[in-house]
Amino acid sequence: MLDIHLLRTDLENVCKRLLTRGFSLDMTYFQKLVEERGSIRTNTQKLEENRNNISGMIGQLRVAGHGIDDKEIGDFLHQMLVIHDQLSLAKISLGKIESKLQQFLEVVPNLPHSTVPKEGKNEEIRRWGTGKTSDSLSFSVKDHVSIGEGLGLLDFKTATKLSGARFSIMKGGLARLHRALAQFMLDTHTQKHGYTETNVPYLVNAKSLYGTGQLPKFEGDLFKIHRERYGKEEGMTAQELQGKIHDVDSPSLQEENWYLIPTSEVPLTNTVRNEIVSLESLPIKLTTLTPCFRSEAGNYGKDTHGMIRQHQFDKVELVQIVHPQKSYEALEQLVGHAEKILQKLELPYRVVVLCTGEIGFSAAKTYDIEVWLPAQNTYREISSCSNCEAFQARRMQARFRNENGKPELLHTLNGSGLAVGRCLVAVLENYQNADGSVSIPKVLRPYMGGINRLIA
RNA sequence: GGAGAGGUGGCCGAGUGGUCGAAGGCGUUCCCCUGCUAAGGGAGUAUAGGCUCAAAAGGCUUAUCGAGGGUUCGAAUCCCUCUCUCUCCGCCA
């Protein structure tokens, strides 16, 4: 969520910056809402002030021993009847206008940072390593699907039987390699990069998803768990109860629903929701390994083959919660932490900075790390590292007590460190041999019981 | 799943209808006193808004005592729903 003060004081500039990321903000509607809210609020507060004054005076009279029948009190009570009615109406319209404004603001994306490229192209920042190709390897490279199936360790057909499209089963050495990757990542981030290992819920409530920005705008990308926990209200028939259960949009039920996490950014970042943390506790650096669940709605044609785009995948996540002045420094470090994993695995990659048109809803600046996939003869995204500045913190009311002892919004960052499934794909393709076997990267061998290749 | 007890400021804890945004204590900030230390004295110390002011300071004001509704002229206090925590019983990896 953007700072409403910023919108009010610098509306045109904000609109311009939002336009660069393809979001057009309705200025006149916004201004109309703000003005209306102002006058309704002033009116409401005047009425409340009046009410407080008069009821205070009634209180004084009562304390002084006057009875309710006294004429003075009677006059006051009479006035209060009028105020009471006016106030009820005023509060209703105030509530309406405030929720309109809220609904307007909560779908406005973050402002891109000034260093984000404005034209519609991501910019490559740096490359590491040299990508292998069929030519450089002097044999025809296979993609991860044929490698995995060739080894007899990767099985999409059975997974489809169990669950449907976009799932997979790994077995034997491949499943172990997958686990080895995740363990290696976690160990590196906790032991070398100073992150605290965390274990988090995979089911979260709507408030958490709102906090990090997935809700309300991107509900379609999420898997929702309907919890049927409804107290039967008095006089409610069975049919009415049934109706209530299926009215999933009713606000009270939104609270009841759980969602499978699309990324562990959600639980990690929301640990500070509604908190005021101390200055000394910063930076907070958390990492966790979790499955991630994505419905991939709207991606039906993309990457239908293989493990690149699945409904469920494991990911090691890095989250930093930092002082606002340190967040860009932290972003560089965080990208570096993710890169380190690829370097140690000796997987070629490049880092790109996303342009204004491509950054995610909550992000002010994002670096993608793309790993080399020989079979696709291209780089594919394996990590996305973002600084969300105060955008999520404002939604979450996540603050710290600053140098002057005043609460101030934190900055939040997150990045994959890395997506385990895609990393496995990269290892398979980059470490494949002409005979169909796959060598094990050196750093993973301790996690693999010392074996150095997967053989059919 | 059943029964009960609770949720008040940074923390502890009082407060069962009326000058209560909330006693008292702890913590903390500033000032005074003391040769230093210890002790002592005084003042302050929630958050988010609105209005006022050139701005800051200050002043005025609204909301917030787990959340949301209700009763009432008036709610931290009474009623309802939800939620979380704790205790006991049951079940369970």
Side-chain angles (χ1 to χ4, degrees), chain A residues 1 3-9 33-88 90-95 97-99 101-102 105 199 201-208 210 227-236 240-241 244-245 250-258 270-281 390 393-410:
Chain A
M1 187 123 69
D3 185 359
I4 190 166
H5 292 289
L6 184 66
L7 278 163
R8 292 182 65 175
T9 52
L33 285 181
V34 168
E35 271 168 39
E36 265 182 51
R37 184 185 65 157
S39 65
I40 294 173
R41 183 159 57 193
T42 307
N43 181 246
T44 309
Q45 293 189 352
K46 282 249 163 66
L47 287 167
E48 282 172 337
E49 184 179 348
N50 238 325
R51 177 200 62 190
N52 291 346
N53 282 337
I54 296 178
S55 91
M57 287 189 273
I58 294 173
Q60 282 177 43
L61 290 170
R62 297 275 292 145
V63 168
H66 294 254
I68 303 198
D69 303 332
D70 284 16
K71 188 174 169 301
E72 289 166 288
I73 291 188
D75 286 348
F76 282 138
L77 291 184
H78 210 74
Q79 289 180 48
M80 283 296 258
L81 281 178
V82 181
I83 292 174
H84 188 79
D85 288 348
Q86 290 175 336
L87 190 55
S88 310
K91 276 187 174 169
I92 290 168
S93 43
L94 185 60
I97 194 85
E98 278 181 341
S99 84
L101 193 58
Q102 172 71 17
L105 289 175
N199 191 286
Y202 306 157
L203 291 169
V204 294
N205 58 31
K207 281 183 188 143
S208 296
Y210 176 83
R227 284 208 279 172
E228 301 199 346
R229 307 174 45 194
Y230 312 98
K232 192 173 173 190
E233 285 164 22
E234 210 170 332
M236 195 184 236
E240 280 167 342
L241 183 62
K244 192 177 168 189
I245 288 168
S250 107
S252 62
L253 296 192
Q254 290 277 336
E255 302 265 315
E256 305 255 353
N257 284 318
W258 272 332
N270 273 281
T271 54
V272 290
R273 174 154 54 87
N274 288 328
E275 299 291 332
I276 301 177
V277 302
S278 69
L279 192 59
E280 301 80 58
S281 64
R394 190 170 293 110
R395 291 176 156 248
M396 295 191 297
Q397 281 303 297
R399 297 173 291 175
F400 71 105
R401 213 164 273 286
N402 70 16
E403 293 79 354
N404 303 318
K406 290 288 161 203
E408 187 181 333
L409 292 171
L410 290 156

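Below, read A as the first sequence line, B as the second, and so on, with proteins coming before strands; counting in each chain starts at 1. All values below come from the heavy atoms of this structure, side chains included, with hydrogens, waters and symmetry mates left out. The structure presented is a predicted model; accordingly, all values stated were derived computationally and were not measured.
- Base pairing of B:A22 is not made with any nucleotide, judged by Watson-Crick or G-U wobble geometry with both donor-acceptor distances under 3.5 Å.
- In this structure, the NE2 atom of A:H84 is 8 Å from the C1' atom of B:U72, given to the nearest Å.
- Here the shortest heavy-atom pairing between A:R37 and A:I4 reads NH2-CD1, 4.0 Å.
- Toward the 5' end of RNA chain B, the nearer of the two residues A:M80 and A:E48, judged by each one's closest nucleotide, is A:E48.
- Scored by the side-chain contact (heavy atoms from CB on, under 4.5 Å) test, A:D3 finds A:H5, A:L6, A:R394 as partners (sequence neighbours excluded).
- Partner assigned to B:G1 is B:C89, using Watson-Crick or G-U wobble distances below 3.5 angstrom.
- Atoms CD (A:E49) and P (B:U19) sit 17 Å apart, rounded to a whole Å.
- Rounded to whole Å, atom C1' of B:G74 lies 12 Å from atom CD1 of A:I73.
- In the set B:G18, B:C73, B:A63, B:A63 carries the atom at the smallest distance from any side-chain atom of A:R51.
- Distance noted for atom P between B:A75 and B:C65: 11 Å (whole Å).
- For A:E49, the side-chain contact (heavy atoms from CB on, under 4.5 Å) partners are A:N53, not counting sequence neighbours.
- If you take atom P in B:C82 and the same atom in B:G44, they sit 45 Å apart, rounded to whole Å.
- Rounded to whole Å, the distance from CG on A:L87 to C1' on B:U61 is 15 Å.
- Nucleotide B:G74 forms no Watson-Crick or G-U wobble pair with any nucleotide shown, as no partner meets the under 3.5 Å limit on both distances.
- Per the geometry, CZ belonging to A:F76 stands 14 Å off C1' belonging to B:G18, to the nearest Å.
- Interatomic distance, A:N43 CG to A:Q86 CD, rounded to the nearest 0.5 Å: 8.0 Å.
- Contact annotation: the side chain of A:N274 approaches that of A:Q397 to within less than 4.5 Å [non-hydrogen atoms, C-beta and beyond].
- Between A:L7 and A:V34, the closest side-chain pair of non-hydrogen atoms is not below 4.5 Å.
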Please produce a list of atom pairs where a protein N or O lies less than 3.5 Å from an N or O of nucleotides 45-52 of chain B.
{"unit_1": "B:U47", "atom_1": "O3'", "unit_2": "A:R399", "atom_2": "NH1", "d": "3.4"}
{"unit_1": "B:G49", "atom_1": "O2'", "unit_2": "A:R41", "atom_2": "NH1", "d": "3.2"}
{"unit_1": "B:G49", "atom_1": "N2", "unit_2": "A:Q45", "atom_2": "OE1", "d": "2.9"}
{"unit_1": "B:G49", "atom_1": "N2", "unit_2": "A:Q45", "atom_2": "NE2", "d": "3.3"}

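- Side-chain contact annotation: A:S208 with A:N205, donor-acceptor N/O pair under 3.5 Å present.
- Comparing B:G7 with B:C78, their P atoms sit 11 Å apart, to the nearest whole Å.
- One P atom belongs to B:U71, the other to B:U77, and the distance between them is 15 Å to the nearest Å.
- The side chain of A:N52 places no N or O atom within less than 4.0 Å of a non-bridging phosphate oxygen (OP1 or OP2) of B:G74.
- A:H78 comes within contact range of no nucleotide atom at all, as no heavy-atom separation falls under 4.0 Å.
- Not a single donor-acceptor pair under 3.5 Å links the side chain of A:R41 to the backbone N or O of A:L94.
- Heavy-atom minimum distance, A:L409 versus A:A393: CD2-O, 3.7 Å.
- B:A67: Watson-Crick or G-U partner is B:U81, with both key distances under 3.5 Å.
- One C1' atom belongs to B:G18, the other to B:C51, and the distance between them is 27 Å to the nearest Å.
- Both distances falling under 3.5 Å, in either a Watson-Crick or a G-U wobble arrangement, place B:G40 opposite B:C32.
- Pairing partner, B:C51: B:G59, with both Watson-Crick or wobble hydrogen-bond distances short of 3.5 Å.
- In this structure, A:I54 places its CD1 atom 15 Å from C1' of B:U19, rounding to the nearest Å.
- Going from the P atom of B:A39 to that of B:A46 covers 25 Å, rounded to whole Å.
- Residues A:L81 and A:Q60 both approach RNA chain B. Their nearest nucleotides, taken by heavy-atom distance, put A:Q60 toward the 5′ side.
- To the nearest whole angstrom, the two C1' atoms, one in B:G40 and one in B:G59, are 35 Å apart.
- Atoms NZ (A:K207) and P (B:A67) sit 10 Å apart, rounded to a whole Å.
- Comparing B:A76 with B:G68, their P atoms are spaced 13 Å from each other, to the whole Å.
- Distance CG (A:N50) to P (B:C73): 17 Å, rounded to an integer number of Å.
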